[in-house]
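The structure under discussion appears below in the form of structure tokens.
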Amino acid sequence: MLKINHNNALASTKTLLHFHCLLLITFTFLSATVTAAYYADALSKSLLYFEAQRSGRLPYNQRVMWRDHSGLTDGLQQGVGDGDTDHYCWQRSEDMTTSRRAHKIDEANPGSDVAGETTAAMAAASIVFRKIKPLYSCTMLNRNLAVLS
């Protein structure tokens, strides 16, 4: 007849349970660490991509070294560009010679969608910069009011 020592069986079960819990905690921690590392890398590359898409005079600390100033002679009035011309040109912004004229919006040339998007962006910028750059925040708010009028 086989005798079972219940104390040893119970101790073995507890040990096995502790081992599985430890293994689960370790796996969860490693998984979270790896996931966080991938997320940080993806976020960094996404921000770099958006930095590369900037147009105009670029800041001195531009991380995308092959990019240069672009679109410096674009029509800078608030307005809408010529979509046909813009979409026809598929080259680096720095090399574009295509006309990038903007069309002004006013009472005679309506553009409520552009005006609405512009005022929303300036209002958001005003809120974001209110505490860290109050002068810029006020500038955005004043320009926002000018567009609305």
Side-chain angles (χ1 to χ4, degrees), residues 10-149:
L10 188 57
S12 295
T13 303
K14 284 184 178 179
T15 303
L16 189 58
L17 184 60
H18 286 121
F19 175 73
H20 282 188
C21 286
L22 181 62
L23 189 61
L24 182 63
I25 290 168
T26 303
F27 177 74
T28 303
F29 175 74
L30 289 176
S31 176
T33 303
V34 170
T35 301
Y38 285 137
Y39 179 75
D41 186 45
L43 183 59
S44 174
K45 288 178 179 168
S46 296
L47 292 174
L48 190 62
Y49 170 80
F50 285 113
E51 285 180 27
Q53 302 306 310
R54 291 188 284 195
S55 185
R57 186 162 301 282
L58 299 177
Y60 71 92
N61 60 348
Q62 170 71 9
R63 294 189 301 160
V64 182
M65 300 312 296
W66 52 266
R67 277 303 305 254
D68 200 3
H69 308 304
S70 64
L72 298 178
T73 59
D74 286 358
L76 298 175
Q77 292 184 8
Q78 176 59 41
V80 184
D82 178 1
D84 292 331
T85 304
D86 283 349
H87 295 279
Y88 177 75
C89 182
W90 287 90
Q91 66 188 101
R92 291 177 357 129
S93 301
E94 299 89 338
D95 299 331
M96 289 178 73
T97 57
T98 308
S99 169
R100 307 250 315 147
R101 188 179 83 212
H103 305 279
K104 181 179 180 182
I105 61 170
D106 56 18
E107 293 84 16
N109 302 293
S112 59
D113 54 341
V114 173
E117 289 176 17
T118 301
T119 57
M122 287 192 289
S126 176
I127 292 168
V128 167
F129 290 105
R130 184 182 305 150
K131 292 183 181 177
I132 56 176
K133 289 191 174 183
L135 183 60
Y136 181 69
S137 174
C138 287
T139 301
M140 288 293 98
L141 189 58
N142 290 333
R143 289 188 181 165
N144 189 1
L145 295 172
V147 170
L148 288 172
S149 63

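Residues meeting the side chain to side chain contact (heavy atoms under 4.5 Å, CB included) test with Leu58, sequence neighbours left out: Arg54, Gln62, Arg67, His69. Not a single salt bridge (charged side-chain N to carboxylate O under 4.0 Å, His left out) links Lys131 to another residue, sequence neighbours left out. With sequence neighbours left out, Asn61 forms a side-chain hydrogen bond (donor to acceptor under 3.5 Å, both in side chains) with no residue at all. Residues satisfying the salt bridge (charged side-chain N to carboxylate O under 4.0 Å, His left out) test with Arg57, not counting sequence neighbours, are none. Remark: Asp68 engages Glu94 in a side chain to side chain contact (heavy atoms under 4.5 Å, CB included) (not counting sequence neighbours). By the side-chain hydrogen bond (donor to acceptor under 3.5 Å, both in side chains) test, Ser126 is found to be paired with Ser137, residues two or more places apart in sequence or in another chain being considered. In this structure, the side chain to side chain contact (heavy atoms under 4.5 Å, CB included) partners of Ile132, at least two apart in sequence or on a different chain, are Phe129.
Here CZ of Arg143 is found 12.5 Å from SG of Cys138. Values are rounded to the nearest 0.5 Å. The CE atom of Met140 sits 12.0 Å away from the OG1 atom of Thr119 when rounded to the nearest 0.5 Å. From Asn144, atom CG reaches atom OG1 of Thr139 across 12.0 Å, with rounding to the nearest 0.5 Å.
Residues in residues 41-52 take part in these side chain to side chain donor-acceptor pair (under 3.5 Å) pairs, two or more places apart or across chains: Asp41-Lys45, Glu51-Arg63.
Nearest heavy-atom pair across Ala52 and Val64 is CB-CG2, 3.8 Å. When all heavy atoms are compared, the tightest approach of Ile105 to Gly111 is CD1-O, 3.6 Å.
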